[in-house]
Amino acid sequence: MAAVNLPRALRDGVLGAVVAAALALPMLGFRLVDSSQALTLGFRFDWVLWAALVVGIGRFLLSLSRDALPGRLPALALPNWGERFPKARLYLGWGLAGFAIVLPFLPFADRSLVDKATLVLIYVMLGWGLNIVVGLAGLLDLGFVAFYAVGAYSYALLATKLDLSFWLCLPLAGLFAAGFGVALGFPVLRLRGDYLAIVTLGFGEIVRVILQNWQDFTNGPAGISAIPRPTLFGLTFTANAPAGKTTFADYFGLEFSGDHRVIFLYFIILALALFTNLFTLRIRRLPIGRAWEALREDEIACRSLGLNPTTIKLSAFATGAMFAGFAGSFFATRQGFISPESFTFIESAVILAIVVLGGMGSQIGVVLAALLLVGLPEWFRELQQYRMLAFGGAMVLIMLWKPSGLLSHRAPTIRLGKEKAA
Amino acid sequence: MEYFLQQLINGLTLGAIYGLIAIGYTMVYGIIRMINFAHGEIYMLGAFISLIAFLTATTIGGTSVALGLILALVSTMILTALWGWAVERVAYRPLRNAPKLAPLISAIGMSIVLQNFSQLSQGARVKPLPPLFKGGIEILRGDSFTVSLSYLQMVIIALTVLLMAVFTWVITRTSLGRAQRATEQDMKMAALLGVNTDRIISATFVMGATLAAVAGLMVTLYYGVIDFYIGFLAGIKAFTAAVLGGIGSLPGAMLGGLLIGLIEAFWSGYFSIEYKDVAAFSILVLVLLFRPTGLLGRPEVEKI
């Protein structure tokens with residue numbers, strides 16, 4: 001226990017309060033009132049006082065706790081568990097997967113819970129997809145949502161215009177998205193680091209602007225509605241079967257319930273997500289997966305060893321994009337309606353945040369981060385307005401607290417065998 | 001020809017604004033190698049603060065528009081600079097030695113926070129301001145089209161040139177600028193030689209925010225409407241400008257800003273206004289294809 005430096009803490013607190021007051025003065029102290037004649041000002045200086053008080057006391061306490069607790073902020077022991085019990089992560093993974101499978105049948109799982117879980121799983125899947133690009137191959141992609149959008153629109157257009165079924169469109173959507181991944185990858189392969197980031201960001205915006213403005217093809221900002229729902233081997237999940245079809249409830253002699261469809265959708269995305277995970281885990285052991293990781297660690301060494309960075313980067317882009325395409329077509333079929341509004345930069349940012357907060361390259365970290373960033377805010381829907389504020393704040397705080405992510409333990413994918421004692 | 005000239009003037013005005021924001025990106029990137037995603041929001045705050053300051057100044061000080069504007073300009077620069085400083089202090093400084101992506105995520109989070117903060121505190125509706133500067137001069141009178149340069153455009157361009165001159169002087173001639181350049185080249189070495197690098201980085205953020213504040217004021221006057229969402233698009237455009245010019249290079253940021261402004265103006269003038277953003281990004285990709293480090297960027301030297 002280090003000595004508590006009270007005067008310094010007080011000084012910090014007062015300074016913090018003064019700064020907060022100055023910051024809050026224009027934005028909180030005044031309010032722009034939009035009356036019919038002209039813009040006028042309203043006042044609420046009490047808010048400034050509150051802001052100064054909260055920040056001042058907070059800064060004071062933080063300063064005290066810095067003295068009282070030596071070292072940095074209290075560190076969560078999560079990564080250490082992983083080292084102490086090497087199998088813990090494996091069990092945790094299986095446990096989570098098992099829990100996810102039985103979730104819809106648990107007594108407390110009502111329709112809205114399954115629905116929320118579906119949403120979280122979409123982001124888990126997107127996170128795992130982006131993890132291939134960012135976590136494994138080390139390419140910073142700020143426009144991942146573009147591939148998600150391509151997947152969603154390919155399914156929506158194929159289904160509404162050509163009347164193709166979800167199960168046929170799913171692989172096609174993945175293919176299209178992967179194609180876009182390659183198309184984006186080609187011109188930007190020479191770029192590194194942050195140049196790549198801005199180009200991917202630009203690409204994401206281009207895709208959104210085109211979706212918004214190509215009226216004839218995408219129906220513009222109005223979006224595409226009445227997207228068909230998936231069927232289970234031809235069994236539909238509607239109350240009354242369309243001509244020539246049987247409903248799921250009739251076939252199995254169940255009473256019709258809207259819950260069936262929700263649970264069915266949940267299992268589709270669960271299967272897709274688990275497939276993504278399995279794919280990633282397996283491909284890390286293949287030459288291509290190892291090449292991705294090698295490229296992330298050192299591009300020059302990679303080239304010297306005769307690996308071709310072009311094909312490696314392209315394959316990483318395409319693979320990540322493919323999973324985003326799958327997730328996108330699932331999103332389209334779940335919502336039944338899509339519009340360019342759903343594919344803004346903020347989505348890319350959320351997915352990237354999930355990957356980074358989870359701890360880059362960590363599969364379970366992605367699940368935790370998705371639960372935290374997507375699942376948790378869903379419970380606070382009533383606080384609509386403050387939700388995004390808290391969301392952004394959480395992103396900052398988590399990063400400050402654990403800069404390398406929630407589960408940052410990075411194990412080498414491959415180890416040399418134990419050396420035998422001579 | 002007349003139409004061309006008019007678009008050129010509009011493009012230059014827009015480009016000056018983008019350039020001022022782009023400098024904030026490029027300086028921060030140069031010094032700590034980080035994309036400051038919240039910079040667009042700082043500019044948005046600048047626009048709001050300038051509007052509030054201007055209204056306050058006219059409420060207290062009476063009717064003189066010019067005096068009100070100068071008061072608004074000065075107070076906006078100070079208050080917005082404080083916001084820039086606070087964001088750096090809270091969200092980036094603790095992450096100085098963190099993995100590369102941590103500050104980026106923190107910046108994106110900060111940007112979401114600031115955007116929603118101003119939406120909550122000032123309301124989501126657009127805020128209109130009646131035009132203050134009326135009139136201008138006619139440069140060229142054609143058969144069907146008259147080229148005009150409004151007083152406001154003159155003020156914007158002149159102010160930008162002035163700020164650029166001051167800024168270049170600070171960077172190249174003052175001890176602060178010298179310390180900044182040293183920190184940019186090698187932070188550890190600069191610290192060893194007695195430069196307080198944390199303070200220099202703070203100063204960089206403050207300078208970037210000050211310029212963004214001026215850009216915010218200009219936009220408030222130029223377009224007459226602002227809302228809490230303007231920071232995002234302007235931010236990525238300005239960042240595009242910084243990359244286009246070669247990130248880390250100050251003249252590059254200004255050049256990139258002007259180019260983006262001109263591309264937008266000409267594209268919306270001659271082709272379609274909907275696709276002007278696509279045009280800007282496509283040009284960026286094209287330029288980066290041939291010059292991967294931007295127009296004026298130094299090629300990265302790889303050391304093994």
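Reminder, nothing fancy here: chain letters follow the sequence lines and each chain counts from 1.
With sequence neighbours excluded, the residues forming a side-chain contact (heavy atoms from CB on, under 4.5 Å) with B:V225 are B:P128, listed by chain and number. By the side-chain contact (heavy atoms from CB on, under 4.5 Å) test, A:Q212 is found to be paired with A:R208, A:P221, A:P340, residues two or more places apart in sequence or in another chain being considered.
Side-chain atoms of B:Q122 come within 3.5 Å of backbone atoms of A:M27 as a donor-acceptor pair (strictly under, hydrogens ignored).
Proximity to chain B (any heavy atom under 4.5 Å) is shown, for A:A301, by neither the backbone nor the side chain. For A:V207, no part lies under 4.5 angstrom from a heavy atom of chain B. The contact between B:L104 and chain A is made entirely by side chain atoms (from C-beta outward), counting heavy-atom distances below 4.5 Å. Looking at A:I398, there are no atoms closer than 4.5 Å to chain B (heavy atoms on both sides), in backbone or side chain. Heavy atoms closer than 4.5 Å to chain B are found nowhere in A:L25, neither backbone nor side chain. A:F203 does not touch chain B: none of its heavy atoms, backbone or side chain, sits under 4.5 Å away. Heavy-atom distances place the side chain of B:A86, and not its backbone, under 4.5 Å from chain A. Of the two parts of B:I108, the backbone and the side chain both hold a non-hydrogen atom closer than 4.5 Å to a non-hydrogen atom of chain A. Only the side chain of B:V285 comes within contact range of chain A, judged by heavy atoms closer than 4.5 Å. Residue A:L397: no heavy atom, backbone or side chain, is found under 4.5 Å from chain B. With a 4.5 angstrom heavy-atom cutoff, B:L55 touches chain A via backbone and side-chain atoms both. For A:L201, the part lying under 4.5 angstrom from a heavy atom of chain B is the side chain only. Of the atoms belonging to B:F290, it is backbone heavy atoms, and not side-chain ones, that fall under 4.5 Å from chain A. Looking at B:I35, the atoms closer than 4.5 Å to chain A (heavy atoms on both sides) all sit in the side chain, from C-beta outward.
For the atom pair CG (A:L400) and CG (B:L95), the distance works out to 5.0 Å, reported to the nearest 0.5 Å. Interatomic distance, B:S111 OG to A:M395 CE, rounded to the nearest 0.5 Å: 8.5 Å. Distance check: B:M110 CE to A:M399 CE gives 15.0 Å after rounding to the nearest 0.5 Å. Residue B:Q115 holds its CD atom at 11.0 Å from CG of A:L389, rounded to the nearest 0.5 Å.
With chain B as the partner, the residue from A:V134, A:I198, A:L142, A:V19 showing the most heavy-atom pairs under 4.5 Å is A:I198. Highest contact tally toward chain A, considering only B:L284, B:L288, B:I78, is held by B:L288 [criterion: heavy-atom pairs under 4.5 Å]. When each of B:N97, B:V90, B:L79, B:I112 is scored by its heavy-atom pairs under 4.5 Å with chain A, the top score falls to B:I112. The candidate from B:A53, B:G109, B:A280 with the greatest count of non-hydrogen atom pairs under 4.5 Å with chain A is B:G109.
The two residues B:S121 and A:L28 have their closest heavy-atom pair at CB-CD2, 3.8 Å. Here the closest heavy-atom approach between residue B:L82 and residue A:A22 is recorded as CD2-CB, 3.3 Å. For the residue pair B:I52 and A:P26, the shortest heavy atom distance occurs at CD1-O, 3.2 Å. Among all heavy-atom pairs drawn from A:P403 and B:A98, the shortest one is CB-CB, 3.5 Å. Here the shortest heavy-atom pairing between B:Y275 and A:W214 reads OH-N, 3.7 Å. B:V113 and A:G392 get closest at one heavy-atom pair: CG2-C, 3.3 Å.
The 12-atom threshold is exceeded at CZ of A:R44, counting heavy atoms of other residues, nucleotides or ligands nearer than 6.0 Å. In the displayed structure, A:F45 atom CZ is contacted under 6.0 Å by more than 12 heavy atoms of other residues, nucleotides or ligands. Within 6.0 Å of CZ on A:F180 lie no more than 12 heavy atoms contributed by other residues, nucleotides or ligands.
Counting heavy atoms from C-beta on, the side chains of B:F232 and A:I346 never come closer than 4.5 Å.
Residues A:F30 and B:F48 keep their aromatic ring centres 6.0 Å or farther apart.
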